[in-house]
Amino acid sequence: MTQWLNDTEQRAWRALITLMMVEFPKLEPTFRAHDLLHVEYGLLVALSEAPDDALRMSDLAETANVSQSRLSHRMRRLVEKGLIDQRPCADDGRVTFAELTPSGRALIETVAPLHVGNVRAIVFDALTDVQTAALADALETIVNHAHD
């Protein structure tokens with residue numbers, strides 16, 4: 001027997017769908033203005049937050065939450081643009097590292113403040129600190145449950 005969503009669950013679900021379908025696309029123009037896609041920005045951010053601006057490709061895929069095939073496709077473009085370099089591991093020839101270039105670092109330093117401003121305007125400016133903490137807790141619970 002189907003357990004239908006109650007009124008509160010429907011409100012939450014519909015608001016989440018609206019956020020994803022209407023509000024999140026408003027982030028894209030900032031990336032497009034710098035010839036990036038959102039996923040590419042995520043890869044650059046992951047590298048910028050890594051020690052020495054470098055990660056093993058498998059760790060980068062996990063950190064950025066992308067598949068290996070999607071990562072390979074995106075990496076080609078980012079390497080061609082001079083934003084990321086790839087280098088083999090000196091100790092293990094099966095391992096490749098992705099490394100942020102100085103141009104990639106400069107782009108992150110340009111785009112990140114714009115992106116954060118957009119994220120604040122779309123999500124966090126409307127919330128109190130208590131609501132933000134509750135949202136973080138709820139979303140982390142959902143993500144952790146999905147990975148179980």
Side-chain angles (χ1 to χ4, degrees), residues 5-89 94-148:
L5 300 179
N6 65 34
D7 289 344
T8 302
E9 291 167 335
Q10 272 200 26
R11 281 182 41 231
W13 178 245
R14 289 179 179 164
L16 180 60
I17 293 297
T18 300
L19 182 65
M20 291 178 355
M21 301 300 287
V22 176
E23 298 302 322
F24 281 3
K26 293 177 183 177
L27 298 171
E28 293 300 328
T30 298
F31 302 128
R32 277 196 302 274
H34 293 90
D35 195 27
L36 286 174
L37 299 174
H38 198 146
V39 67
E40 294 168 339
Y41 175 77
L43 295 170
L44 294 174
V45 168
L47 289 171
S48 76
E49 294 174 344
D52 301 321
D53 288 346
L55 285 171
R56 293 164 44 127
M57 291 289 284
S58 58
D59 294 335
L60 179 57
E62 184 178 329
T63 301
N65 198 27
V66 297
S67 68
Q68 289 286 342
S69 62
R70 188 170 190 201
L71 176 64
S72 295
H73 180 68
R74 291 290 127 217
M75 287 300 294
R76 275 192 296 278
R77 192 168 118 81
L78 294 171
V79 168
E80 287 172 5
K81 292 177 66 172
L83 302 173
I84 292 177
D85 282 331
Q86 290 181 292
R87 60 178 166 78
C89 176
R94 299 170 296 172
V95 174
T96 301
F97 281 93
E99 186 171 31
L100 194 62
T101 65
S103 294
R105 168 66 62 189
L107 185 59
I108 282 291
E109 290 173 357
T110 298
V111 177
L114 303 170
H115 177 60
V116 168
N118 291 337
V119 169
R120 285 196 176 285
I122 290 170
V123 180
F124 298 109
D125 287 351
L127 300 176
T128 66
D129 291 344
V130 171
Q131 290 172 316
T132 298
L135 178 64
D137 290 343
L139 293 174
E140 286 174 348
T141 300
I142 293 167
V143 169
N144 290 336
H145 176 74
H147 289 140
D148 286 344

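The chain is numbered in sequence order, starting from 1. All values below come from the heavy atoms of this structure, side chains included, with hydrogens, waters and symmetry mates left out.
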Check Lys26 with Glu23, please: is the shortest side-chain N to carboxylate O separation under 4.0 Å?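 A salt bridge is present here (some side-chain N lies under 4.0 Å from a carboxylate O).
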
Please determine whether the number of non-hydrogen atoms from other residues, nucleotides or ligands lying under 6.0 Å from atom [atom1] of [X] exceeds 12.
{"X": "Asp52", "atom1": "CG", "result": "no"}
{"X": "Arg87", "atom1": "CZ", "result": "yes"}
{"X": "Asp125", "atom1": "CG", "result": "yes"}

Separation of [Y] [atom2] from [X] [atom1] (nearest 0.5 Å):
{"X": "Phe124", "Y": "Leu135", "atom1": "CZ", "atom2": "CG", "result": "6.5 Å"}
{"X": "Leu27", "Y": "Leu114", "atom1": "CG", "atom2": "CG", "result": "11.5 Å"}
{"X": "Ile84", "Y": "Glu40", "atom1": "CD1", "atom2": "CD", "result": "8.5 Å"}
{"X": "His115", "Y": "Leu36", "atom1": "NE2", "atom2": "CG", "result": "11.5 Å"}
{"X": "Leu71", "Y": "Glu62", "atom1": "CG", "atom2": "CD", "result": "12.0 Å"}
{"X": "Leu37", "Y": "Leu78", "atom1": "CG", "atom2": "CG", "result": "9.0 Å"}

With side-chain contact (heavy atoms from CB on, under 4.5 Å) as the test, would you mind laying out the steps for Arg70 and Val39 before giving the verdict? CA-CA 9 Å; Arg70 188 170 190 201; Val39 67; 3.8 Å; yes

With side chains defined as the heavy atoms from C-beta onward, is the minimum distance between [X] and [Y] less than 4.5 Å?
{"X": "His73", "Y": "Ser69", "answer": "no"}
{"X": "Leu19", "Y": "Ile122", "answer": "yes"}
{"X": "Ile108", "Y": "Leu47", "answer": "no"}
{"X": "Glu99", "Y": "Gln86", "answer": "no"}
{"X": "Leu83", "Y": "Leu100", "answer": "no"}
{"X": "Met20", "Y": "Leu16", "answer": "yes"}
{"X": "Arg77", "Y": "Asp35", "answer": "yes"}

Can you name the closest pair of heavy atoms from Leu127 and Val123 and give their distance? CG-O, 3.6 Å

Shortest non-hydrogen contact from Ala61 toward Gln68: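 Closest approach of Ala61 to Gln68: CB-NE2, 3.9 Å.
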
Relative to each other, are the rings of Phe31 and His38 parallel, tilted or perpendicular (30° and 60° limits)? tilted

Compute whether any side-chain donor of one residue and acceptor of the other, for Asn118 and Thr30, lie under 3.5 angstrom apart.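 Checked: Asn118/Thr30 side chains pair up, N/O donor to acceptor below 3.5 Å.
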
[X] side-chain N/O to [Y] backbone N/O, donor-acceptor pair under 3.5 Å:
{"X": "Arg105", "Y": "Ser48", "value": "yes"}
{"X": "Asp59", "Y": "Leu55", "value": "no"}
{"X": "Gln131", "Y": "Thr128", "value": "yes"}
{"X": "Asn6", "Y": "Thr8", "value": "yes"}
{"X": "Lys81", "Y": "Ser103", "value": "no"}
{"X": "Thr101", "Y": "Gly82", "value": "yes"}

Would you check, one step at a time, whether the test side-chain contact (heavy atoms from CB on, under 4.5 Å) holds for Leu44 with Val111? CA-CA 11 Å; Leu44 294 174; Val111 177; over 6 Å; no

Honestly, is Arg56 close enough over Phe97, meaning NZ or CZ under 6.0 Å from the six-membered ring centre and within 45° of the axis? no

